[in-house]
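What follows is one structure encoded as structure tokens, with my remarks underneath.
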Amino acid sequence: MNAWLISTVAGGANAGAHSGSGTLEVIVPDTDASIRWACHGYPSSLAKWHYHPQIEFHLIREGSGQFMAGDGLMPFEAGHVAMVGPNLPHNWLSDIIPGERLSHRDVLCHVRPQTVRRLMGIFPEAAGFERVLRRSQQAIVLSGESAKVAGDLLVAMGGHTPSWRIADLVALLSVFEQAPAEESRTVVTPDYNPDTAVGAESAVNSAIAYISANLADASLVQAARSASMSPSTFSRFFKNVAGIGFSDFVCQLRIGRACRLLTTTTMPIAKIQKSSGYANASNFNRRFLARTGMTPSQYRKTHAGR
């Protein structure tokens with residue numbers, strides 16, 4: 001595998017003319033490679049809200065949680081495959097218990113958009129990739145057979161030579177180009193402006209770290225303190241940057257945890273309710289129904305054995 005150097009610097013002066021947000025991830029390849037393949041577990045120093053000038057193809061192999069991209073937020077499970085456009089802030093936040101580690105969660109590949117466009121300039125058959133590049137600015141997520149094919153390609157790429165990875169890249173782009181509409185969706189709203197979050201990386205990652213570690217009793221006041229802001233300022237800041245209010249974000253993570261416990265354990269629902277941060281059963285049932293369209297008991301029965 002080719003050696004790559006990955007470091008992080010804050011957005012702003014070190015980011016030059018870049019207009020994105022999050023933590024800038026500087027990815028420097030060997031001179032003889034334009035495609036970078038990598039894998040890592042979770043938690044990881046690389047798993048945070050960040051951006052980079054490369055396109056990213058990403059497979060989640062284990063666990064479940066929430067995918068953050070721009071102002072979008074959606075749940076993910078094992079088999080999730082996404083294509084994130086250049087300079088678009090993103091993060092995959094897994095729901096894990098303290099001390100738990102997902103050793104093989106992430107498989108990913110990076111390539112610069114300029115490389116893809118040069119390829120398109122040489123091969124007219126690749127002209128359709130331009131639409132894929134444009135859509136990736138809103139983060140494309142695949143499902144169904146398209147996700148399976150793309151995920152298999154990403155895993156196989158790790159064992160291939162640099163020259164073979166060129167063919168893998170073309171195949172990946174083709175899967176995203178040809179995926180049927182019902183198996184391809186975007187996450188970020190069309191009018192999302194990353195400029196609104198420039199310089200927000202430290203506060204966002206501090207808030208996410210606090211929420212993850214204290215999901216059952218996370219409070220706006222403590223989250224604001226972790227980001228060194230007043231509660232009112234933090235509330236406006238979080239909504240502006242993440243595209244979702246703090247309480248809605250926490251609720252979505254809590255219901256996501258409840259879903260995981262319902263499908264992977266035999267824990268009584270009353271205990272799951274408390275573990276997910278809800279002291280009141282009626283409040284838990286109401287919020288769970290609003291998010292999933294089912295009661296907790298219906299959800300467990302429907303997804304039993306997953």
Side-chain angles (χ1 to χ4, degrees), residues 1 4 6-8 22-23 25 27 35-52 54-70 72-84 88-111 136 139-144 146-160 165 168 172 175-176 185 187 201 204-205 207-213 215 249 252-265 275-276 303 306:
M1 178 176 162
W4 288 66
I6 304 178
S7 61
T8 58
T23 297
E25 184 177 347
I27 304 170
I35 303 169
R36 172 184 179 264
W37 182 92
C39 61
H40 61 76
Y42 183 91
S44 166
S45 61
L46 299 177
K48 60 189 170 188
W49 193 73
H50 69 289
Y51 67 84
H52 40 69
Q54 289 82 5
I55 298 164
E56 180 170 320
F57 298 91
H58 201 114
L59 164 68
I60 297 291
R61 289 193 286 188
E62 55 181 336
S64 60
Q66 298 292 324
F67 172 42
M68 303 174 67
L73 182 71
M74 69 169 288
F76 71 78
E77 296 180 341
H80 163 102
V81 177
M83 178 180 176
V84 181
L88 179 65
H90 56 280
N91 184 28
W92 285 265
L93 184 61
S94 284
D95 174 44
I96 57 175
I97 60 176
E100 183 181 4
R101 176 166 175 77
L102 305 175
S103 301
H104 308 287
R105 193 190 76 158
D106 303 77
V107 178
L108 59 140
C109 147
H110 288 135
V111 63
S136 73
I140 308 170
V141 175
L142 298 181
S143 59
S146 297
K148 184 181 184 307
V149 173
D152 289 345
L153 283 167
L154 277 168
V155 172
M157 184 183 283
H160 292 167
R165 289 179 181 178
D168 292 330
L172 264 175
V175 172
F176 277 86
R185 60 165 292 188
V187 179
E201 60 281 352
V204 171
N205 283 311
I208 289 173
Y210 162 75
I211 295 167
S212 299
L215 184 58
F249 181 71
Q252 194 151 325
L253 294 183
R254 285 175 173 172
I255 297 303
R257 170 172 291 183
C259 289
R260 183 172 76 95
L261 293 175
L262 285 166
T263 56
T264 62
T265 75
S275 297
S276 302
H303 298 279
R306 278 178 48 186

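Worth saying up front: this structure is predicted, and the values here are computed from it rather than measured. All heavy atoms count here, side chains included; hydrogens, waters and symmetry mates do not.
The shortest non-hydrogen separation linking Val81 to Ala147 is CG2-O, 3.4 Å. Between Ser275 and Leu261, the shortest heavy-atom distance links the atoms CB-CD1, 4.2 Å. The nearest pair of heavy atoms linking Leu108 to Leu154 is C-CD2, 4.4 Å. A pairwise comparison of heavy atoms in Arg101 and Pro43 identifies NH1-O, 2.5 Å as the closest pair. Residues Gly63 and Leu102 share a closest heavy-atom pair of CA-CD1, 4.0 Å.
Distance check, rounded to the nearest 0.5 Å: CG of Asp152 to CG of Leu172 gives 10.5 Å. If you take OG on Ser103 and NE2 on His40, they are separated by 12.5 Å, rounding to the nearest 0.5 Å.
When side chains are defined from C-beta on, Val107 does not count as touching His58, because their heavy atoms never get closer than 4.5 Å. Looking only at side-chain heavy atoms (C-beta outward), Ile55 and His110 stay at 4.5 Å or farther from each other. In this structure, the side chains of Leu253 and Ser276 stay at 4.5 Å or more apart for every pair of heavy atoms. Side-chain contact between Asp106 and Arg61: absent, with no pair of heavy atoms (C-beta onward) separated by less than 4.5 Å. Between Ile211 and Phe249 the shortest side-chain heavy-atom distance falls below 4.5 Å. At least one side-chain heavy atom of Ser94 sits less than 4.5 Å from a side-chain heavy atom of Phe76. Put simply, the side chain of Asp95 does not reach to within 4.5 Å of the side chain of Gln66, judged on heavy atoms.
Between the Trp37 side chain and the Arg165 main chain, no donor and acceptor come within less than 3.5 Å of each other. With hydrogens and angles disregarded, no donor-acceptor distance shorter than 3.5 Å links the side chain of Arg36 to the backbone of Val111. Side-chain atoms of Glu62 come within 3.5 Å of backbone atoms of Arg105 as a donor-acceptor pair (strictly under, hydrogens ignored). Proximity of a side-chain donor or acceptor of Ser146 to a complementary backbone N or O of Leu142 within less than 3.5 Å is not detected. Remark: side-chain polar atoms of Arg185 are not paired, donor with acceptor, to backbone N or O of Ile140 under 3.5 angstrom. For the pair Thr263 (side chain) and Arg260 (backbone), a donor-acceptor distance under 3.5 Å is present.
For Phe67, the ring-ring contact (aromatic ring centres under 6.0 Å, His included) partners two or more places apart in sequence, or in a different chain, are His80, Trp92. Looking at residues two or more places apart in sequence or on another chain, you find a side-chain contact (heavy atoms from CB on, under 4.5 Å) between Asn91 and Trp49, Met68, Leu93, Ile208. Residues meeting the ring-ring contact (aromatic ring centres under 6.0 Å, His included) test with His104, sequence neighbours left out: none.
Judged purely by distance below 3.5 Å, without hydrogens or angles, the side chains of Glu56 and His90 pair a donor atom with an acceptor atom.
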Taking it one step at a time, do Val141 and Val187 satisfy side-chain contact (heavy atoms from CB on, under 4.5 Å)?
-> CA-CA 7 Å; Val141 175; Val187 179; 3.5 Å; yes
